[in-house]
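One structure is given here, and the rest of the page talks about it.
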Amino acid sequence: MITHLFITLGGVGLFLFGMVVLTDGLRTIAGRALRRALATYTTNPLSGAVTGAITTAVIQSSSATTVTAVGFVGAGLLTFSQAIGVVLGANIGTTITGWLVALIGFKLQLSLLVMPLVFIGALMRLFGSGKVRHIGWALVGFSLLFIGIETMQEGMEAYKGLVTPEHFPSNTMWGRLQLVGIGIAITVVTQSSSAGVAATLVALSLGTINLSQGAAMVIGMDVGTTFTAMLATVGGSTDMRRTALAHVLYNLFAGTMAFFTLDFYLGLLDAWVDGGSLGNAPFALVGFHTAFNVIGVIIVLPFTVGFANMIRRMVQEHRAPLERGLDVALYREPGAASIAGLAAAQQLTNAIFEVLQGQLDPMRRHKDWSRRLDEIERGITATETFVENIPHEAANGAVSARESSTIHILDHLRRTHHRCTQFERVDALSSDRRLSRLTAVLAS
């Protein structure tokens, strides 16, 4: 039994590693296009939800989608309300993994067929270049998902008949709450609701648990992802903490709704589907997971603006205005981080030219600009530090070019800032008629 337990845990580990590798490969292949899609098509919360769902389904990572959306908020490309739409859509996108497992993992038993794909993908990763390397890496990750599923099935097979639904909490209110707690614990430990859903589907297919028990556990797994989201925001920016709180509140709402409508869902299956819930258990489970997320998003979307305002009141902004978009959590997505750095540099440019214009204006020339210049100097330093620490190993050519442009802008800003602090020279402009005339032209 211990041997089979280790095999089961190994299967979970292979599935988790496959998810990481698949996400890494897909994100690198499609990252630039998906970032462009997020910025282009997210014009309101509804389009944000659709784009967030598609993006997450493609790259298999809701956290990557969320981090990119937060980076765009900091860069001024998205409003916070639009970003919440993206986060809501990402919850729907994560359910695609369950459908992959149910439709392909169980039906086709691909573990033997994908073994050669692991070899081919590894060769592409080792000897390929450019996108070929990343396609190979994604191929390895995709293959490992199904190897992990079959390994989990092999390990759990030994418990078939020995571990039955009777060994788990009963189908009562208290029993379901306990199962929700088990689902939360699984997600907190594995840091992946997708792996938990896959393991639940395997247990369901072997008869270790029944559909009602599996559904309650999946609700817990959805809620459990909020712990990961909150943990990831420790030390993060206000926008990141606001986004995480929105994620927590939505998942708690959707989970509560799913908990109290589970019996209604099971009743519909028994009444309208051939074979009822027993004959279609894996599909019924992933259908339930998708349904309560879709319905939850439909309910919340009309109130996104009010929801966003409530989140803003709950999480106040305390960072200096010129440093608000510089969130180290964005380092997980170098493309989004480089966009945020460039946006900060552009904001600093506007600020320094505002000061310069004021210093050249005869009506405002003698105003004390020291405090504003100190804020700009701190902003320049913070932006330099932020951009210099963007991970280069994950950066592509566009990211590197954006970083170089930002550093170049900041170098010019520091020189301009130094000139603006030379108050004697600024005051001397008014004593020379020719310089005074040129100054008036420049100030206008």
Side-chain angles (χ1 to χ4, degrees), residues 10-38 51-69 89-90 92-152 190-199 201 286 331-337 391-400:
V12 175
L14 283 170
F15 187 91
L16 283 170
F17 185 61
M19 285 294 299
V20 171
V21 173
L22 176 63
T23 297
D24 188 41
L26 291 174
R27 188 167 53 193
T28 307
I29 295 166
R32 192 187 309 178
L34 292 174
R35 281 195 298 272
R36 189 162 54 245
L38 273 178
T51 309
I54 294 172
T55 301
T56 303
V58 170
I59 65 176
Q60 288 293 291
S61 175
S62 59
S63 62
T65 304
T66 302
V67 168
T68 301
I92 298 173
T94 56
T95 65
I96 194 67
T97 307
W99 286 106
L100 282 174
V101 174
L103 291 169
I104 303 177
F106 293 148
K107 292 291 183 182
L108 301 182
Q109 298 294 315
L110 293 178
S111 63
L112 184 61
L113 295 176
V114 298
M115 285 293 188
L117 295 182
V118 176
F119 177 70
I120 294 170
L123 291 180
M124 293 170 67
R125 173 71 178 183
L126 289 171
F127 301 109
S129 60
K131 282 195 173 183
V132 172
R133 296 181 72 247
H134 302 300
I135 291 172
W137 200 226
L139 192 61
V140 170
F142 181 78
S143 304
L144 287 175
L145 290 182
F146 299 103
I147 295 172
I149 291 167
E150 178 122 342
T151 305
M152 278 190 272
T190 63
Q191 294 290 289
S192 170
S193 62
S194 295
V197 171
L201 286 168
V286 293
Y331 288 160
R332 285 181 286 166
E333 293 295 318
H392 291 283
E393 64 273 15
N396 55 31
V399 173
S400 298

Quiz item: Looking at residues at least two apart in the chain, or sitting in another chain, which of them share a side chain to side chain donor-acceptor pair (under 3.5 Å) with S143?
Solution: none
Side-chain atoms of residues 113-123: list all donor-acceptor pairs with protein atoms under 3.5 Å, sequence neighbours left out, distances to 0.1 Å.
none

Self-check item: Qualifying residue, where the test is side-chain contact (heavy atoms from CB on, under 4.5 Å) with S194 and the options are I96, T95, L100, T97
Solution: T97
For [X], what residues pass the side-chain contact (heavy atoms from CB on, under 4.5 Å) criterion, not counting sequence neighbours?
X    : value
L144 : L14, F17, V140, I147
L16  : V12, T190, S192, A195
T51  : L38, Y41, T42, T55
R125 : R133, H134, W137

Determine the minimum heavy-atom distance between [X] and [Y], stating which atoms define it.
X    : Y    : value
G10  : T151 : C-CG2, 4.4 Å
V197 : G98  : CG1-CA, 4.3 Å
A198 : M152 : CB-CE, 4.2 Å

Quiz item: Do L145 and L22 come within less than 4.5 Å of each other through their side chains, counting heavy atoms only?
Solution: yes
